Structures are given as C-alpha cells and as structure tokens.
*Asks:* 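Let me begin by handing over the structure; questions about it come next.
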Amino acid sequence: GAVVSQHPSRVICKSGTSVKIECRSLDFQATTMFWYRQFPKQSLMLMATSNEGSKATYEQGVEKDKFLINHASLTLSTLTVTSAHPEDSSFYICSARTGGKGETQYFGPGTRLLVL
Amino acid sequence: DAKTTQPTSMDCAEGRAANLPCNHSTISGNEYVYWYRQIHSQGPQYIIHGLKNNETNEMASLIITEDRKSSTLILPHATLRDTAVYYCIVRPPLLMNRDDKIIFGKGTRLHILP
C-alpha cells in the first residue's frame with residue numbers, strides 16, 4: 001500500500017514550548033490529510049482534516065489556535081502543538097488519502113509526544 | 001457513517017484462522033466495509049475493504065453477508081505478529097465525499113496465543 005511517514009517518531013519537550021510534527025505522503029499526492037490523537041488504552045480520536053491550500057477543519061473541542069495545521073503541498077502537512085502542556089502528551093497520528101480509482105486512506109507510524 | 005459493533009476481544013491459537021466478526025445492520029447501499037488494524041504503538045494499517053462481494057488479498061479475506069448487515073475478516077493462518085486491535089468501519093466511497101473521514105470505534109483486541 002501507499003506509504004505515509006511522520007517525523008519525528010518521538011519527541012520530549014518542556015512545558016510551554018512548541019513542537020512541530022511533519023506528515024509526508026511518500027509515493028502519492030494527498031489533497032486531504034487527517035490528524036488523530038490517541039491516549040493510552042483508547043481509540044484514535046480525529047482532531048482535524050487538512051486540505052491542501054486551504055484552512056484545516058477542526059473537530060469539536062479541538063482548539064485551532066493550539067494545534068496549528070499547515071498543508072502547504074500535496075505531500076506535506078504539519079501539526080504544531082503550541083505552548084505544549086503535560087496534558088498534550090499523547091500519540092499523534094496522521095493519515096493521507098490517495099486519489100483516483102481504489103482511493104483509500106493510509107496512516108503514518110505516529111509521533112509520541114511527551115511534555116515535561 | 002453507519003455504526004459498527006465488534007467484540008471487545010478475541011483469542012486465537014497461532015497457526016489457526018482468526019475470524020473477526022463485525023455487525024453493521026444500518027449500513028447504506030453505497031457504503032463500503034473497511035478493515036484496519038493497529039499494532040501496539042504503531043499507526044493503523046489498512047487491511048482490506050469491500051462493498052458486497054467477498055474480497056481477498058495477501059493479508060486477509062473479507063466475507064460480507066448477502067444482506068450486508070454483517071461481515072467477517074479472516075486471517076487464514078494467524079501468527080503472533082497479528083496480535084493487534086482490529087477496526088471495522090463502514091463509510092461511503094471516498095470519491096463521493098471528499099470531506100468524509102474515518103472515525104474509529106473501539107475495535108476488537110485480538111490476541112494470538114502461542
């Protein structure tokens with residue numbers, strides 16, 4: 001299947017700092033990418049939908065000023081966690097949708113964020 | 001999207017076929033059945049999807065009942081590496097709605113026993 005990468009795979013930061021996570025579709029162009037968050041022993045929770053060249057659409061309860069999403073190209077979307085706090089510690093997973101016939105959605109390996 | 005119901009957990013002996021059921025009694029005529037799995041500390045992995053015909057690929061088989069109200073994912077020869085949470089999702093074809101998104105339920109935690 002199609003490959004989606006994320007960088008970094010894990011990051012530790014101090015409270016109050018900002019962290020940027022990159023999501024790339026390696027072998028296809030993705031007009032739509034998604035960002036999910038997963039807490040321990042829970043299912044994935046959709047945070048926002050990112051469309052190339054336009055503003056992201058956030059799910060209810062997700063602060064758009066805290067979780068900044070940029071989808072500047074068809075192969076790259078970034079999520080910036082601003083002024084991170086310990087409660088933002090989580091597993092962040094991006095996903096990208098392929099195009100054309102047989103279109104489906106593939107997921108990145110995830111980024112584990114720990115805020116101290 | 002139609003709601004799905006899956007057992008919370010299942011066990012299967014290594015080497016045996018693992019059969020994971022999913023109920024989707026409110027599925028609409030144009031909605032597909034998708035299966036993903038998530039191995040611990042990894043992102044979800046696409047497995048297979050289908051509309052009404054049974055489907056098979058190198059990973060698994062998908063059996064959809066004639067009334068489409070339920071389906072079964074079959075891993076023909078389970079290995080320890082198949083231990084994961086398996087998610088059954090129903091949704092319209094992606095091409096029909098570009099704003100459509102995958103919402104995950106709780107899935108089935110499959111334990112493959114040595």
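Just so it is clear, the model here is predicted, and its values are computed rather than measured. Reminder, nothing fancy here: chain letters follow the sequence lines and each chain counts from 1.
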*Asks:* Should A:Phe67 and A:Val11 be counted in the same cluster of Ile, Leu, Val, Met, Phe, Trp and Tyr side chains packed under 4.5 Å apart?
*Replies:*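 A:Phe67 clusters together with A:Val11.
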*Asks:* Check whether B:Ile63 and B:Val33 end up in the same hydrophobic cluster, where Ile, Leu, Val, Met, Phe, Trp and Tyr are linked by side-chain heavy atoms less than 4.5 Å apart.
*Replies:*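 B:Ile63 and B:Val33: separate clusters.
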*Asks:* Would you mind checking which part of A:Leu44 comes under 4.5 Å of any heavy atom in chain B, side chain (CB onward), backbone (N, CA, C, O), both or neither?
*Replies:*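 When you check distances to chain B, atoms from both the backbone and side chain of A:Leu44 fall under 4.5 Å.
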*Asks:* Within a strict 4.5 Å, meaning less than it, do heavy atoms of the A:Gln105 and B:Ile89 side chains meet?
*Replies:* no
*Asks:* Measure B:Gln45 against the heavy atoms of chain A and call it side chain, backbone, both or neither at under 4.5 Å.
*Replies:* neither
*Asks:* Do A:Tyr36 and B:Pro44 come within less than 4.5 Å of each other through their side chains, counting heavy atoms only?
*Replies:*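 No, too far: nothing below the 4.5 Å cut-off.
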*Asks:* Which one of A:Cys94, A:Gly110, A:Pro109 has the most heavy-atom pairs closer than 4.5 Å to chain B?
*Replies:* A:Pro109
*Asks:* State plainly whether one hydrophobic cluster holds both B:Tyr87 and B:Tyr46, where clusters connect Ile, Leu, Val, Met, Phe, Trp and Tyr through side-chain heavy atoms under 4.5 angstrom apart.
*Replies:*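 Both belong to a single hydrophobic cluster.
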*Asks:* Between B:Met10 and B:Ile74, is there a shared hydrophobic cluster once you connect ILVMFWY residues whose side-chain heavy atoms come closer than 4.5 Å?
*Replies:* no
*Asks:* Is B:Ser41 close to A:Arg112 at the side-chain level, that is, under 4.5 Å between some pair of heavy atoms?
*Replies:* yes
*Asks:* How close do A:Ser43 and B:Gly105 get, counting heavy atoms only, and between which atoms?
*Replies:*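 Closest approach of A:Ser43 to B:Gly105: OG-O, 2.5 Å.
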*Asks:* Heavy-atom count check: over 12 atoms from other residues, nucleotides or ligands less than 6.0 Å from B:Lys52 NZ?
*Replies:* no
*Asks:* Considering only heavy atoms, which portion of A:Glu59 lies under 4.5 Å from any heavy atom of chain B: side chain, backbone, both, or neither?
*Replies:* side chain
*Asks:* Looking only at non-hydrogen atoms, find the nearest pair between A:Phe91 and B:Gln42 and report the distance.
*Replies:* CE2-O, 3.7 Å
*Asks:* Are B:Phe104 and A:Phe34 close enough that their ring centres sit under 6.0 Å apart?
*Replies:*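 Ring-ring flag for B:Phe104/A:Phe34: false, centres at least 6.0 Å apart.
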*Asks:* What do you reckon, is NE2 of B:His111 surrounded by more than 12 foreign heavy atoms closer than 6.0 Å?
*Replies:*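 Result for NE2/B:His111: enclosed.
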*Asks:* Is there a path of hydrophobic side-chain contacts, each under 4.5 Å between heavy atoms of I/L/V/M/F/W/Y residues, joining B:Ile102 to A:Met33?
*Replies:* no
